[in-house]
S.K.: 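Handing you a structure now.
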Amino acid sequence: MTRVALVTGGSRGIGAAISTALKDAGYSVAATYAGNEEKAAAFTAETGIKTYKWNVADYEACAAGVKQIEADLGPVDILVNNAGITRDAPFHKMTPQQWHECIDTNLNGVFNMTHNVWGGMRERKFGRIVTISSINGQKGQFAQANYAATKAGDIGFTKSLAQEGARAGITVNIVAPGYINTEMMSTIPEKVMNDVILPQIPVGRLGEAAEIARAVQFLVSDDAGFVTGSTLSANGGQYMS
Ligand code: NDP
């Protein structure tokens, strides 16, 4: 039986690496994106993985999107909540808009997506949910009160749902990456990268998206049924909780 995996924000960055790794592992994969048509079209052309556009912050759009993917590929067995944004600012300068955009995508988006696959997973007595949190949700980060709150919230959400899903064969886990070499990182000035960020990482380099994908691939496998409610940190030793 081919399991169906839905990866939010699966068209680029870490999400693209996850989508590709799952496809290569034999899953039937659907990747979603928010609006970058060009990247999504290029990703589909390159990988053959179909992409679907909607905003994870919109509950009804998530419901309709999941329905469409289930019509195209079959019931969703695996959900990877990867879509995420940053809206950085020191708190005294943070606008309500920056706060709400982060919460709406990174935390409400995780609710919206998970809620729309949960019932089916419970009925079928199988499910795998992995949410991509962040090292900054574990330790906090200057100018990221909004982002860190969402990523810490994702961890509490996961630990709670792991308890609710256990009897129904649904595992719910977190992967918490450290600094990964993606476009999100390209906004960081080179001097900050070399003088501030890299010296904090014991392995001495950024992580690669493929390394996060491999962690996800393990957690969504049928073999990982005894691993639930856990947070798998992949941060080069930068933070050990
Ligand atoms: P990218 O910015 O490279 O890609 C983000 C993806 O999410 C894109 O596909 C984007 O779609 C999609 N997306 C963004 N907002 C929405 C939305 N509202 N609805 C639907 N899709 C959306 O991100 P990364 O690959 O860097 O990060 C992926 C995840 O990993 C995030 O949750 C991030 O917080 C987390 N993370 C990243 C780290 C890093 O170092 N990069 C470190 C720790 C955690 P579109 O292409 O259309 O914009």
S.K.: Checking Asn82 side chain against Gly9 main chain: does a donor-acceptor pair fall under 3.5 Å?
M.R.: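 Yes; at least one donor-acceptor contact below 3.5 Å.
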S.K.: Are Tyr33 and Lys39 packed together at the side-chain level, in the sense that at least one heavy-atom pair is separated by less than 4.5 angstrom?
M.R.: no
S.K.: For Thr105 and Ala57, work out which heavy atoms get closest and say how close.
M.R.: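 Answer, listing the atom of Thr105 first, then Ala57: N-CB, 4.4 Å.
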S.K.: Just by distance, with hydrogens left out, do Asn146 and Gln98 show a side-chain donor and acceptor under 3.5 Å apart?
M.R.: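 Judged by distance alone, the side chains do not pair up.
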S.K.: Would you say Asn235's side chain and Ile135's backbone share a donor-acceptor pair under 3.5 angstrom?
M.R.: no
S.K.: Ignoring hydrogens and geometry, is there a side-chain-to-backbone donor-acceptor pair from Asp77 to Val4 under 3.5 Å?
M.R.: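 A pair under 3.5 Å: yes.
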S.K.: Regarding Ser11 and Thr51, do their side chains bring together a donor and an acceptor under 3.5 Å, going by distance alone?
M.R.: no
S.K.: As a test of understanding, state which of Gln144, Lys139, Gln138 forms a side-chain hydrogen bond (donor to acceptor under 3.5 Å, both in side chains) with Gln141.
M.R.: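 Checked Gln144, Lys139, Gln138 against Gln141; only one passes side-chain hydrogen bond (donor to acceptor under 3.5 Å, both in side chains): Lys139.
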S.K.: How many angstroms lie between CG in Asp104 and CD in Gln97, if you round to the nearest 0.5 Å?
M.R.: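 It is 10.5 Å, given to the nearest 0.5 Å.
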S.K.: Is any NZ, NE, NH1 or NH2 atom of the basic residue among Glu164 and Arg122 found under 4.0 Å from an Asp or Glu carboxylate oxygen of the other?
M.R.: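 No salt bridge links Glu164 with Arg122.
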S.K.: Out of Ile170, Val172, Thr228, Asn173, which one pairs with Leu161 under the side-chain contact (heavy atoms from CB on, under 4.5 Å) rule?
M.R.: Val172
S.K.: Does one hydrophobic cluster hold both Val56 and Val175, with members joined at side-chain heavy-atom distances below 4.5 Å?
M.R.: no
S.K.: With a 4.5 Å cut-off on side-chain heavy-atom distances among I, L, V, M, F, W and Y, is there a chain of contacts connecting Tyr52 to Ile78?
M.R.: no
S.K.: Check this for me, if you would: do Glu46 and Lys23 make a salt bridge, where the nitrogen-to-carboxylate-oxygen distance has to be below 4.0 angstrom?
M.R.: no
S.K.: Kindly say whether Ile85 contributes a backbone atom to a donor-acceptor pair with the side chain of Asn106 at under 3.5 angstrom?
M.R.: yes
S.K.: Looking at Lys151 and Ile132, would you say the former's side chain and the latter's main chain have a donor-acceptor pair under 3.5 Å?
M.R.: yes
S.K.: Decide yes or no for Asn81 and Ile129: does some side-chain heavy atom of the first lie under 4.5 Å from some side-chain heavy atom of the second?
M.R.: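 The answer is yes, as the side chains (C-beta and beyond) meet within the 4.5 Å cut-off.
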S.K.: Less than 4.0 angstrom from a charged side-chain N to a carboxylate O is my criterion; do Asp72 and Lys50 meet it?
M.R.: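 Yes, charged N to carboxylate O under 4.0 Å.
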S.K.: Is the side chain of Ser19 donor-acceptor paired with the backbone N or O of Ala31 at a distance under 3.5 Å, no angle test?
M.R.: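 It does not hold such a pair.
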S.K.: Indicate yes or no: does Glu208 engage Arg214 in a salt bridge with an N to O separation below 4.0 Å.
M.R.: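 Between Arg214 and Glu208 there is no salt bridge, as every charged N stays at least 4.0 Å from the carboxylate O atoms.
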S.K.: Looking at Asp222 and Arg3, does any basic side-chain N land under 4.0 Å from a carboxylate oxygen?
M.R.: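 Counted as a salt bridge, because a side-chain N and a carboxylate O are separated by less than 4.0 Å.
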S.K.: Quick one: are Tyr239 and Ser233 in side-chain contact, heavy atoms under 4.5 Å?
M.R.: no
S.K.: With a 4.5 Å limit on heavy-atom distance, are the side chains of Met113 and Leu79 in contact?
M.R.: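 The answer is yes, as the side chains (C-beta and beyond) meet within the 4.5 Å cut-off.
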S.K.: Does Ile49 offer a backbone N or O that forms a donor-acceptor pair with the side chain of Thr47 under 3.5 Å?
M.R.: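 Checked: pair present.
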